[in-house]
Amino acid sequence: MKSFYNMKPLRMHLELHVRFLCDSFCSSSRRFSSSSGTTKFDFTDLTRPHTWYPNARKKKRNVIVHVGPTNSGKTYHALKQLESSLTGIYCSPLRLLAWEVSKRLNKANVPCDLLTGQEKEEIDGAKHKAVTVEMADVTSDYHCAVIDEIQMIGCRTRGFSFTRALLGISADELHLCGDAAAVPLIQEILKVTGDVVKVQYYERLSPLVPSKAPLGSFSNIRTGDCMVTFSRHKIYKLKREIESGGKRLCSVVYGSLPPETRTRQATRFNDESSEFDVLVASDAIGMGLNLNISRIIFSTLKKFDGVETRELTVPEIKQIAGRAGRYGSKFPSGEVTCIDAEDLPILHSSLESPSPMLEHAGLFPTFDLLFLYSRLYPRMGFHQILEQFLDNAKLSPNYFIANCEEMLKVAAIIDELPLGLHEKYLFCVSPVDMNDDISSQGLTQFAQTYARKSIVRLREIFTPGTLQVPKTQTALQELESIHKVLELYVWLSFRLEDSFPDSELASSQKSICSLLIEEFLETPKARSLPRRTNLSSLRSQKKKDYL
C-alpha cells in the first residue's frame with residue numbers, strides 16, 4: 001500500500017508550489033501594504049474559494065441537483081448515472097455508505113475502489129471510486145461524480161468537506177443528492193463557476209403516516225419498530241425495558257459503535273428469520289443504513305448536542321422519521337409516533353413544515369494557504385498560526401468558517417513537539433475525539449513517540465491479546481474508546497506509512513473490538529439461539545490469525 005502523503009516529496013512539492021500559488025493570488029486575492037511600503041498578499045482572503053480548484057474551473061460542469069425527502073429515489077437515480085459512466089466517483093458522508101456503493105457497483109460489474117480514512121480496497125481495472133467526502137479527489141478528471149447528502153454543506157464541523165467537493169471535483173456531470181433546503185445556496189455558490197445547474201425534484205415513494213396516538217405501553221411494541229433516543233445510557237435502558245417483557249429482542253445502533261458492529265446489528269434486525277425484531281437507535285440511523293423499519297418511535301424530541309440540550313430541528317425530525325417504510329421492504333408504508341402524547345403536535349408540525357433554507361456553506365483554508373501564511377510568521381507555532389489565520393479570515397456572505405475547536409485542542413497539545421507544520425496539520429485533522437480521555441491520550445502518545453523516534457510501534461502503546469468482553473457499561477465505553485485509538489493508528493498509517501508500520505495488527509484488533517462489543521450486546525436468551533456465525537469462535541480465530 002502506498003502512503004497517501006509521503007512527507008519528503010510533499011515538502012518538495014510545497015516549496016515548488018509556492019511560486020505558483022503566489023502567482024494565483026496576484027489575480028485572485030486582495031493585496032495590502034505594510035508599513036515599509038512593500039506589497040504582500042493577503043492569504044486570509046477566502047472570498048473566492050472557487051479559484052482554489054483550477055482543474056475544476058477548466059470544465060463547464062453539468063450539475064444536476066436531485067432533491068426530495070428520505071426514501072424518494074433521488075440517490076438511486078444519481079447512482080444509475082454513475083454506474084453507466086466511463087469513470088466516476090461517489091462521495092459519501094459515511095464510511096458505511098461508501099462501502100455499500102462500492103459493493104453495489106462491483107456487483108453490477110462496474111469495478112470500483114473503496115477509499116475512506118481507514119480503508120483502501122483497490123479493484124483491478126477500476127475506473128470508479130467510492131469515497132468518504134473528506135477523501136474526494138480534486139486533482140483527477142471524471143465523467144461523472146455524485147455527492148450524497150449535500151445539505152451537510154451547512155454542517156458546522158464537516159460542511160467544508162462538502163464545499164471542497166462541490167467546488168473542486170472536476171467532472172463532466174456532477175450529481176448532488178439531498179434536501180431541497182440546499183438548492184438556493186448551491187445555485188448562488190455556483191453562479192461564479194460557470195457551471196450549468198439543473199434541479200430535479202422527487203416525491204417519497206411510500207407513504208409516511210404520523211400517528212394520532214402515542215405509543216403508550218411498551219407492550220405495544222411490535223416487529224419492525226425502531227425506538228429512537230439520543231444517548232448510550234438511554235439506548236441500553238430502553239433495550240432492557242423492551243426485552244424485559246420476554247417477547248422481543250433488540251438490536252442497537254448508535255454513533256460510537258464501531259461501523260462494523262453497526263452493520264452487523266442492522267443486518268440482524270433486517271433478517272426476517274432473526275428474533276431480533278426491534279431496533280433501538282440514535283440519530284445515527286438518519287443516513288447510511290438500509291433498514292427495514294415499519295415504525296419510528298421517538299422517545300424524546302430533545303437531544304444534547306455536545307453543548308446544550310435542545311429541541312430537534314425540523315430537518316432532523318424529518319430525516320429520522322423518513323427511515324420508516326423503506327421502498328421495496330416488507331413494510332409498504334411507514335409510521336411515526338412518540339412515547340409521550342405531548343410530543344405529537346411538534347412531530348406533526350415538523351413533518352408538515354419545509355426545512356429552513358440553508359444560508360451558508362462551511363469553509364476551511366487549505367493546507368497550502370496555511371503553509372504560505374506560516375512563512376510570514378516563521379516563529380509562530382501551529383496553534384497560533386491557525387488561530388490568527390481564522391481570526392483574520394475574510395469571507396463572502398455565502399460561507400462560514402468551520403468549527404475547528406477539536407483542531408485547536410490538538411494543536412495546543414502537540415505544538416511544543418519538534419514536528420514540521422504538515423506533520424502537525426495531519427495530527428490536527430486526524431479523527432480524534434478530544435472529549436474522550438482514552439482517545440485523546442492515544443493521539444498524544446502517538447505524536448510524542450513519532451516526534452521522538454519517527455516510528456510508532458503499536459505494541460509500545462497497546463498490548464494485543466488483552467481485550468475482553470465488557471461486563472459493564474463503563475467497560476463497554478472503554479472498549480469503544482480503544483476502538484477509536486486503533487482507528488486513529490490505521491488512519492495515521494495511511495498517511496505516514498513508514499512511521500506507523502503496524503496497520504494490519506491495528507486493523508485485526510479493531511475487528512476483535514467489534515466482535516467483543518457485539519457479544520456484549522447479546523442477551524442471555526440471544527446466546528442460546530442458533531447463529532450463522534459463532535462470535536466466540538470467530539474472535540478466537542482472529543486472535544490466531546493476527547497475534
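Every value quoted in this text rests on a predicted model; they were computed, and no experiment measured them.
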Is the distance between the ring centroids of H422 and F367 less than 6.0 Å?
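Ring-ring flag for H422/F367: true, centres closer than 6.0 Å.
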Can you find a pair of side-chain heavy atoms, one from [X] and one from [Y], that are under 4.5 Å apart?
X	Y	answer
E149	L94	no
L376	F43	yes
L443	S430	yes
I296	V228	yes

Does this structure show an ion pair linking [X] with [Y], if we count only N-O contacts that are shorter than 4.0 Å?
X	Y	value
R262	E260	no
D141	K58	no
K191	E188	yes
R95	E487	yes

Could you walk me through whether K103 and K107 pass the side chain to side chain contact (heavy atoms under 4.5 Å, CB included) check?
CA-CA 6 Å; K103 297 301 179 188; K107 188 176 181 180; over 6 Å; no
Can you list the steps and then say if K120 with D113 is a salt bridge (charged side-chain N to carboxylate O under 4.0 Å, His left out)?
CA-CA 8 Å; K120 185 179 183 182; D113 293 336; over 6 Å; no
Taking the six-membered ring of W491, is NZ or CZ of R495 closer than 6.0 Å to its centre and within 45° of its axis?
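The answer is yes; both the distance and angle limits are met.
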Verify whether one side chain among T267 and N270 offers a donor that lies under 3.5 Å from an acceptor in the other.
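On atom types as modelled, these side chains do not qualify, holding no pair under 3.5 Å.
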Short side-chain donor-acceptor distance under 3.5 Å, T366 and D368:
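No, T366 and D368 have no side-chain donor paired with an acceptor closer than 3.5 Å.
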Got a sec, which residues hit side chain to side chain donor-acceptor pair (under 3.5 Å) with T75, two or more places apart in sequence or on another chain?
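For T75, the residues satisfying side chain to side chain donor-acceptor pair (under 3.5 Å) (neighbours in sequence not counted) are D148.
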Can you pull the ring pair (Phe, Tyr, Trp, His ring centres under 6.0 Å) pairs that have at least one residue in residues 117-150, sequence neighbours excluded?
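Matches after skipping sequence neighbours: none remain.
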Pairs in or reaching into residues 54-92: which pass ring pair (Phe, Tyr, Trp, His ring centres under 6.0 Å), with residues at least two apart or in two chains?
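Of all non-adjacent pairs touching residues 54-92, those that pass ring pair (Phe, Tyr, Trp, His ring centres under 6.0 Å) are H66-H175, H66-Y202, H77-Y202.
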Residues in side-chain contact (heavy atoms from CB on, under 4.5 Å) with [X], at least two apart?
X	value
S329	N292, R326, F331
Q388	Y373, Y377, M380, N392
D283	F230, K303, I320
T193	H50, R57, L167, L190, D195

For side chain to side chain donor-acceptor pair (under 3.5 Å), just list the numbers for E119 and T116, CA-CA rounded to whole Å, side-chain angles, deciding distance to a tenth of an Å, and then say yes or no.
CA-CA 5 Å; E119 298 148 306; T116 74; 2.8 Å; yes
Look at the aromatic rings of F382 and Y425 and report parallel, tilted or perpendicular, splitting at 30° and 60°.
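Rings of F382 and Y425: perpendicular, as their planes differ by over 60°.
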Heavy-atom closest pair, residues P431 and L488
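The answer is CD-CD1, 4.1 Å.
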Mind checking salt bridge (charged side-chain N to carboxylate O under 4.0 Å, His left out) for [X] and listing every partner two or more places apart, or none if nothing turns up?
X	answer
E173	none
E316	R310
E480	R232

K59 vs D172, test: salt bridge (charged side-chain N to carboxylate O under 4.0 Å, His left out). Steps then yes/no.
CA-CA 7 Å; K59 288 181 181 282; D172 299 323; 2.8 Å; yes
Report the residues that fulfil ring-ring contact (aromatic ring centres under 6.0 Å, His included) with Y489, sequence neighbours left out, ordered by chain and then residue number.
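For Y489 the ring-ring contact (aromatic ring centres under 6.0 Å, His included) partners, ignoring immediate neighbours, are F446, F500.
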For residues 397-410, which side-chain N or O atoms pair as donor and acceptor with protein atoms under 3.5 Å away, sequence neighbours left out?
unit_1, atom_1, unit_2, atom_2, d
N403, OD1, E405, N, 3.0
E406, OE1, M434, N, 3.0
K409, NZ, N435, OD1, 3.4

